[in-house]
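Right, one structure below, let's go through it.
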Amino acid sequence: MLLVIRNLFYYMRPYKPLAVVFFFTLLLDLAFVSLAPLSFKVMIDKAIVPQDTRYFFLILSALGIGGLIGVSSGIISDYALARLSARVQLDLRERLFAHLQQLNIGFFQKTHAGDLLAYFSADLPAIERAMTVILTVGIQSLSVVLISTAVLFYLQWSMAVCIVIGAAVIFAGPYLLGGRAQAVQSEYKEQAARLSSDVQENMKAQKVIKGFSLQQAMADKFSERLQSMFLINYKRNMMNAQLERIPMVSLLLINLSIIGVGSYLALRGHITVGALVAFFTMYTSMGNSVFNLTFAIPAFTDALVSMNRIRSLLDEPLEASGGSKTGIVPGHSPEVHFDGVTFSYAEDREVLKQISLRIPPGTTAAFVGSSGSGKSTLMQLLLGFYEPKAGYVRLNGISLQEINRHAFREQIGIVFQDNFLFRGTILDNIRITKPEAGLDEVIRAARQAEIHDYIVSLPDGYDTLLIDEGSNLSGGQRQRMAIARAILRDPPLLLLDEATSALDPISEASINRTFEQLSRNRTVVTVTHRLASIVHADHIFVFDQGRLVDSGTHRQMLAQGGFYRTLWDKQSGLSVSVSGQEAEIDEERLSRLPFFRGVDLDILREIKGLFNTETAPVGQTVIYEGEPGEKFYLIARGRVEITKRSADAENGRLRLAVLEDGDHFGEIALLENVPRTADVTALTPCVFLTLQRKVLYYVLTQYPEIDAHVRQTIKARRN
Ligand SMILES: Nc1ncnc2c1ncn2[C@@H]1O[C@H](COP(=O)(O)OP(=O)(O)OP(=O)(O)O)[C@@H](O)[C@H]1O
């Protein structure tokens with residue numbers, strides 16, 4: 001309890017004058033409320049019993065003046081408290097939000113958005129409630145109790161001793177329950193935060209949910225969550241009821257003993273009737289105050305838990321701000337140098353190992369490699385989101401650690417795969433990277449990003465309101481908005497992180513052309529898994545399992561025949577129509593599938609016609625674990641994740657692999673009808689080439705010479 005009060009005083013420190021006004025006026029108000037009952041004694045003993053009219057009017061006038069002062073002080077103290085509490089809330093909100101902006105990116109990856117929202121929607125209101133309760137009911141009641149106790153001792157010490165003992169009993173219960181109450185409150189808050197995370201996720205996923213008719217499944221999952229919420233809520237309500245009930249029962253017992261002892265003393269003539277009446281009046285007022293205090297106890301516990309949660313959030317380490325050097329001179333494209341960089345997210349697993357590479361100023365470099373090879377991590381190190389565990393990232397020869405982070409990021413343009421569009425107009429959304437930019441500058445950037453014509457075709461043009469993270473724009477248009485936003489700063493360093501992988505083929509090809517134009521006179525670093533989009537890059541760096549395994553130009557590396565060549569072969573020979581609805585594979589590519597290796601190209605030309613095209617939007621599960629399989633899949637475009645049920649995994653599913661363009665899965669289904677061993681879910685919009693077992697086998701019966709070979713290879717791969 002003391003900790004809560006100490007924290008509240010700490011929050012109020014910046015507003016000392018207002019706090020002084022509040023406490024002073026509150027004191028006057030309280031003095032009147034506490035001492036007024038004493039007037040009964042004076043009135044009865046000095047005016048009514050001796051029938052002294054002059055004294056009667058004197059006391060009445062004193063009461064009137066005191067009342068006036070008390071009421072006016074009360075009004076002023078209400079005003080001061082309202083202001084004080086609003087200011088403290090504003091400060092806390094501002095401080096928390098500013099703190100969140102400064103936190104490491106790693107913090108946001110380990111924390112659910114709903115948990116963060118709970119700080120604002122549950123913890124701050126809990127502190128506000130406690131503040132109001134403590135500064136009004138709390139102080140008022142406590143002062144009344146203290147003053148009344150002193151007066152009661154003055155009136156009749158033996159009865160006052162009974163009351164003090166009773167008061168100690170009243171508070172003993174809540175004190176003993178305190179630890180458990182805090183634990184319950186804390187668990188309740190965590191559950192509530194998780195619940196709001198679930199609701200938030202559900203709102204964001206409405207397209208997928210409706211598209212796959214998952215409403216019932218979602219409602220069932222939510223019911224489970226509600227069930228645990230119900231249990232903890234029930235426990236919390238019970239605990240709060242106990243915290244209030246125990247003091248009430250104790251109070252009732254004290255009442256009975258006071259009535260008995262007091263009346264007996266008056267009967268025996270040990271105290272006057274006036275003193276007895278004053279004693280009871282004062283005791284009743286004190287009893288009410290004690291009662292109020294007990295009601296405030298749950299608010300205390302609640303606030304204490306919230307204050308601890310907020311404290312631990314404020315203790316989270318801030319992102320390093322870097323040194324004072326300027327890494328990039330505006331208008332001059334920088335040299336980027338990774339020098340022996342090693343990095344790991346977790347202690348025991350290095351995701352980048354001794355990476356050394358140099359990107360000369362004004363050139364375009366591409367990071368490619370299999371999924372999970374560390375390309376995006378390298379980009380994050382370049383952005384300064386994480387620090388290398390060993391080695392350096394240098395810009396123009398200066399280590400990133402010595403460069404002022406804020407100034408450096410102002411010279412960067414970045415386009416991600418998913419770019420967030422804020423609620424607001426198109427103009428505001430583009431201008432977010434350069435708020436001082438005039439409309440003409442914004443239009444220039446939009447033209448370069450090839451989105452201007454579309455914007456002006458809208459009825460409200462640049463003032464069109466974007467809703468729901470830009471869902472009133474197509475994927476390609478959203479991406480162009482992000483490009484316009486990135487190039488508005490005319491950045492000397494442009495970073496593209498899988499910037500086109502969520503787009504349809506037409507949008508992708510056209511956005512890649514835009515990037516080619518934008519890459520002139522800047523240093524561009526692009527991360528992609530689609531090799532066709534970076535064949536013109538000046539330098540291609542190929543990664544595998546955290547190591548740099550190949551580098552050079554597209555031509556050089558194709559000629560060398562290394563890992564890049566393997567990746568290229570996997571992705572070549574597959575084409576997707578501009579509509580994105582039809583995919584094709586050529587016989588050369590088909591012959592690189594293990595079970596068709598060595599098969600005559602004429603036969604493969606016939607087999608390739610047996611493939612069907614299937615598409616899947618983001619989030620669609622194309623294969624379910626346990627279902628019978630009868631189809632083989634080849635990814636013509638897109639990215640899928642393979643997951644398996646696992647009790648050890650956090651969400652019940654373990655990610656086994658991520659597959660992308662040119663990869664295949666489900667080949668066992670070409671052999672026999674066995675249940676699928678994992679789920680396969682689209683991570684980006686996907687185009688698959690699929691082959692049915694019965695169709696393939698029908699063809700194979702025409703070519704007995706390859707039939708045995710195909711069956712045997714698949715069987716061997718299965719084993
Ligand atoms: N925030 C993170 N916390 C822990 N591990 C991570 C985190 N981000 C990535 N990893 C792991 O680091 C490794 C490299 O991931 P990274 O995203 O850099 O690879 P990538 O080559 O960009 O892959 P992809 O093309 O699939 O995005 C992977 O094993 C991945 O699981």
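As the structure is a computational prediction, the values presented were derived from the model and not from experiment.
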| task | Can you tell me which residue pairs pass the salt bridge (charged side-chain N to carboxylate O under 4.0 Å, His left out) test with a partner in residues 90-105, sequence neighbours excluded? | result | none
| What pairs with Gln102 under side-chain contact (heavy atoms from CB on, under 4.5 Å), at least two apart in sequence or on another chain? | Leu318
| Which pair of heavy atoms, one from Ala583 and one from Thr613, lies closest together, and at what distance? | N-OG1, 3.0 Å
| Nearest 0.5 Å, what's the CD-CG distance between Gln448 and Leu488? | 9.5 Å
| query | For the side chain of Gln101 and the backbone of Phe97, is there at least one donor-acceptor N/O pair under 3.5 Å apart? | reply | yes
| Is Arg405 positioned over the aromatic face of Phe408, cation under 6.0 angstrom from the ring centre and no more than 45 degrees off axis? | no
| field | Heavy-atom check, side chain of Leu135 versus side chain of Ser85, under 4.5 Å | value | no
| query | Going through the distances and angles, do Ile534 and Ile540 end up as a side-chain contact (heavy atoms from CB on, under 4.5 Å)? | reply | CA-CA 8 Å; Ile534 47 92; Ile540 301 173; 3.7 Å; yes
| Under 4.5 Å between any side-chain heavy atoms of Arg522 and Asp490, yes or no? | yes
| Is any side-chain heavy atom of Pro361 closer than 4.5 Å to a side-chain heavy atom of His332? | no
| request: Flag the pair Lys434 and Glu410 as a salt bridge only when some basic side-chain nitrogen lies within less than 4.0 angstrom of an acidic carboxylate oxygen. | output: no
| remark: Nearest heavy-atom contact between Val622 and Ala616 is CG1-CB, 3.8 Å
| field | Distance (rounded to the nearest 0.5 Å) between Arg478 CZ and Asn429 CG | value | 12.0 Å
| task | Quick one: do Glu660 and Ser371 satisfy side-chain hydrogen bond (donor to acceptor under 3.5 Å, both in side chains)? Show the steps, please. | result | CA-CA 8 Å; Glu660 51 202 17; Ser371 176; 4.5 Å; no
| said: Under the rule for side-chain contact (heavy atoms from CB on, under 4.5 Å), what residues qualify as partners of Ser577, not counting sequence neighbours? | reply: Ser579, Glu582
| query | Do Phe385 and Asn104 pass the side-chain contact (heavy atoms from CB on, under 4.5 Å) test, and can you show the C-alpha distance, the side-chain angles, and the key distance before you say yes or no? | reply | CA-CA 7 Å; Phe385 286 171; Asn104 270 318; over 6 Å; no
| Phe420 ring center within less than 6.0 Å of Phe422 ring center | yes
| Asp497 side-chain N/O to Val527 backbone N/O, donor-acceptor pair under 3.5 Å | no
| query | Is there a donor-acceptor contact under 3.5 Å from the side chain of Gln89 to the main chain of Leu124? | reply | yes
| task | Please name the residue in the list Leu683, Asp679, Ile635 that meets the side-chain contact (heavy atoms from CB on, under 4.5 Å) test with Val640. | result | Ile635
| query | So, do Leu103 and Glu319 sit near enough that their side-chain heavy atoms are less than 4.5 Å apart? | reply | no
| task | Using a strict cut-off of less than 4.0 Å between a Lys/Arg side-chain nitrogen and an Asp/Glu carboxylate oxygen, indicate whether Arg530 and Asp661 qualify as a salt bridge. | result | yes
| said: Less than 4.5 Å apart, side chain to side chain, heavy atoms only: is that true for Leu465 and Asp460? | reply: no
| field | SB check Asp663 Arg639 (cutoff 4.0 Å) | value | no
| Nearest heavy-atom pair of Thr514 and Arg480: which atoms, and what distance? | OG1-NH1, 3.3 Å
| Within 6.0 Å of OH in Tyr392, more than 12 heavy atoms from elsewhere | no
| request: Look only at the side chain of Thr523 and the backbone of Gly362, and say whether a donor-acceptor pair between them is shorter than 3.5 Å. | output: yes
| said: The criterion is side-chain contact (heavy atoms from CB on, under 4.5 Å); which residues satisfy it with Arg194, sequence neighbours excluded? | reply: Glu190, Arg225
| request: With the side chain counted from C-beta on, respond yes when Ile355 and Leu378 share a heavy-atom pair under 4.5 Å apart, and no when they do not. | output: yes
| request: State whether the side chain of Asn404 and the backbone N or O of Ala407 hold a donor-acceptor pair below 3.5 Å, judged by distance alone. | output: yes
| request: Answer with yes or no whether the side chains of Glu387 and Gln401 bring together a donor and an acceptor at under 3.5 Å. | output: yes
| message | For Glu584, is the CD atom crowded, meaning more than 12 foreign heavy atoms sit under 6.0 Å from it? | response | no
| query | If you measure from CZ on Arg655 to OG1 on Thr643, what distance do you get to the nearest 0.5 Å? | reply | 9.0 Å
| query | Any donor-acceptor pair under 3.5 Å linking the side chain of Arg358 with the backbone of His337? | reply | no
| message | The criterion is ring-ring contact (aromatic ring centres under 6.0 Å, His included); which residues satisfy it with Tyr386, sequence neighbours excluded? | response | Phe343, Tyr345
| Backbone N/O of Ala303 and side chain of Ser306: donor-acceptor pair under 3.5 Å | no
| In Å and rounded to the nearest 0.5 Å, what is the CG to CD1 distance from Leu383 to Ile412? | 5.0 Å
| said: Side chains of Glu498 and His529: any donor to acceptor distance under 3.5 Å? | reply: yes
| field | Audit row: Gln411, Leu493, side-chain contact (heavy atoms from CB on, under 4.5 Å) steps and yes/no | value | CA-CA 7 Å; Gln411 299 304 321; Leu493 178 60; over 6 Å; no
| note | CG (Leu195) and OH (Tyr188) are apart, to the nearest 0.5 Å, by 9.0 Å
| message | Taking side-chain contact (heavy atoms from CB on, under 4.5 Å) as the criterion, tell me which of Leu518, Val524, Leu494 meets it with Thr364. | response | Val524
| field | Note: Asp302-Lys189 ion pair, threshold 4.0 Å (strictly below) | value | yes
| said: Please check: side-chain N/O of Lys375 versus main-chain N/O of Ala366, any donor-acceptor pairing under 3.5 Å? | reply: no
| request: Let me see the working for Met481 and Leu473 under side-chain contact (heavy atoms from CB on, under 4.5 Å), right down to the final yes or no. | output: CA-CA 9 Å; Met481 285 283 296; Leu473 296 180; 3.8 Å; yes
| task | Measure the shortest side-chain to side-chain distance between Ile430 and Ile455 over non-hydrogen atoms and say whether it is less than 4.5 angstrom. | result | yes
| task | Supply the atom-to-atom distance Ile398 CD1 to Thr326 OG1, rounded to the nearest 0.5 angstrom. | result | 7.5 Å
| Pair Thr681, Glu641: side-chain N/O donor-acceptor within cut-off below 3.5 Å | no
| query | Do you see a donor-acceptor pair shorter than 3.5 Å between the side chains of Thr425 and Asp428? | reply | yes
| task | Please name all residues satisfying side-chain contact (heavy atoms from CB on, under 4.5 Å) with Tyr119, sequence neighbours left out, ordered by chain then number. | result | Leu96, Leu116, Asp123, Arg309, Ile310, Leu313
| task | Please work out whether the ring planes of His452 and Tyr462 are parallel, tilted or perpendicular, with thresholds of 30° and 60°. | result | tilted
| field | Leu659 vs Val680 side-chain heavy atoms within contact, under 4.5 Å | value | no
